[in-house]
S.K.: 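I have a structure I would like to understand better, so I am pasting it below and will then ask my questions one at a time.
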Number of protein chains: 2
Amino acid sequence: MGRRGEMLQAEVLAVLRGSESPLSAYDVLGELRKTRPKIAPPTVYRALAALTASRLVHRLESLSAYMACQSDCHQSASILSICDDCGIVEESVAPEVLEDLSSVAGKSGFRPARHVIEIHGVCASCVGAETSG
Amino acid sequence: MGRRGEMLQAEVLAVLRGSESPLSAYDVLGELRKTRPKIAPPTVYRALAALTASRLVHRLESLSAYMACQSDCHQSASILSICDDCGIVEESVAPEVLEDLSSVAGKSGFRPARHVIEIHGVCASCVGAETSG
DNA sequence: GAACGTGATGTTATAACATAACAGTTCGGC
DNA sequence: GCCGAACTGTTATGTTATAACATCACGTTC
């Protein structure tokens, strides 16, 4: 069961890990086509879905893009800080803040299941570049 | 300056306010076409962009959809709780949690500019329906 | 070992979301 | 009235995502 697909997932993961910034599904598709010219969008989307489900890959909702997970283990959702200048994304884990968020949302009886937390801004090195430039 | 477009923006806002759950840009387009059959996507996207900029409308990144802002005034970003069951979205404001998020992200020197916080889950009334059903 | 069921994968086509690029319109200033 | 700036309309297309179905690999059964 599902031994075949793991090869493809590994390739997709390798492509994502090879990139400093998130890639769109079609960027990944383009990379994969260098070795397998005939690969089609649904194949890539399926691999991305599997990787996302196993938490090896994050989808950046506000970019419609994907990145390899940077942190080793995390049960809790990540906080993704996206540099709008250079595109780099940094991943942080802060379970207590997640708790706070859940409790704010839960006040009315809402039952949280999945957190999407993306912070757009400018990363340290781009801030530095701006200031000095 | 820009007096003409305000009419359209008001219509778009009215459409969004008339819906319990978020609408896609093309849903809005469909509604508007009931009265103006010839309206085209860029017109709607322009209106949505203007409304988003003036904070009267939120874009839900994880749904590619738009909703009218529910809270009166907010300088700070909203926490959007999305019911994956019935589609209803609830808006909460919690500046202190935003602060915490910013400080987590800011540890490495990142300078936050815009927060995207969307929590998927099940709303109180759908939780009730599940339990009783 | 051939027929079959099941689930993964490939393929085609298209749906859904979004914007570039330019044409046309309105309106103020001259 | 003419011009230019700003806004709006229109066409076309780009980008992201998935439905639907064909095919393939593999284990099971007989």
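Chain A is the first sequence line, chain B the second, and so forth, proteins listed ahead of strands; every chain is numbered from 1.
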S.K.: Considering residues at least two apart in sequence or located in another chain, which fulfil the side-chain hydrogen bond (donor to acceptor under 3.5 Å, both in side chains) criterion with A/R33?
M.R.: none
S.K.: Please list, chain by chain and in numerical order, all residues satisfying side-chain hydrogen bond (donor to acceptor under 3.5 Å, both in side chains) with B/D84, sequence neighbours excluded.
M.R.: B/H120
S.K.: Holding to side-chain hydrogen bond (donor to acceptor under 3.5 Å, both in side chains), I want the full list of residues that pass it with B/K34, two or more places apart in sequence or in another chain.
M.R.: B/E31
S.K.: Sorted by first residue and then second, give each side-chain hydrogen bond (donor to acceptor under 3.5 Å, both in side chains) pair with at least one member in residues 93-106 of chain A; sequence neighbours left out.
M.R.: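 Checked against side-chain hydrogen bond (donor to acceptor under 3.5 Å, both in side chains) - neighbours excluded - the pairs reaching residues 93-106 of chain A are A/S102-A/H115.
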S.K.: Indicate whether any N or O donor in one side chain lies under 3.5 Å from an N or O acceptor in the other, for A/S81 and A/E90.
M.R.: no
S.K.: May I have the distance from B/M7 (atom CE) to C/dT26 (atom P), rounded to whole angstrom?
M.R.: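 Atom CE in B/M7 sits about 15 Å away from atom P in C/dT26.
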S.K.: Sequence neighbours left out, cut at 3.5 Å: what donor-acceptor pairs do the side chains of residues 44-54 of chain A make with other protein atoms?
M.R.:
residue	atom	partner	partner atom	Å
A/T52	OG1	A/L48	O	2.6
A/S54	OG	A/A50	O	3.0
A/S54	OG	A/L51	O	3.3

S.K.: Can you build the contact string for nucleotides 16-22 of chain C? Use B for base contact, S for sugar-phosphate-only contact, and - for no protein heavy atom under 4.0 Å.
M.R.: -BBBB--
S.K.: D/dA17 P sits how many Å from A/L60 CG, rounded?
M.R.: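 About 11 Å, once rounded to whole Å.
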S.K.: Less than 4.0 angstrom between a side-chain N/O of A/K38 and OP1 or OP2 of C/dG10, yes or no?
M.R.: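 It does not, given that no N or O in the side chain of A/K38 lies less than 4.0 Å from OP1 or OP2 of C/dG10.
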S.K.: Rounded to whole angstrom units, what separation is found between the CD atom of B/Q9 and the C1' atom of D/dT8?
M.R.: 12 Å
S.K.: If you check the A/R36 side chain, which of C/dG10, D/dT11, C/dT11 turns out closest?
M.R.: C/dG10
S.K.: Tell me: CD1 of A/I39 to P of C/dT11, nearest whole Å?
M.R.: 9 Å
S.K.: To the nearest Å, how far apart are A/L23 CG and D/dA17 P?
M.R.: 13 Å
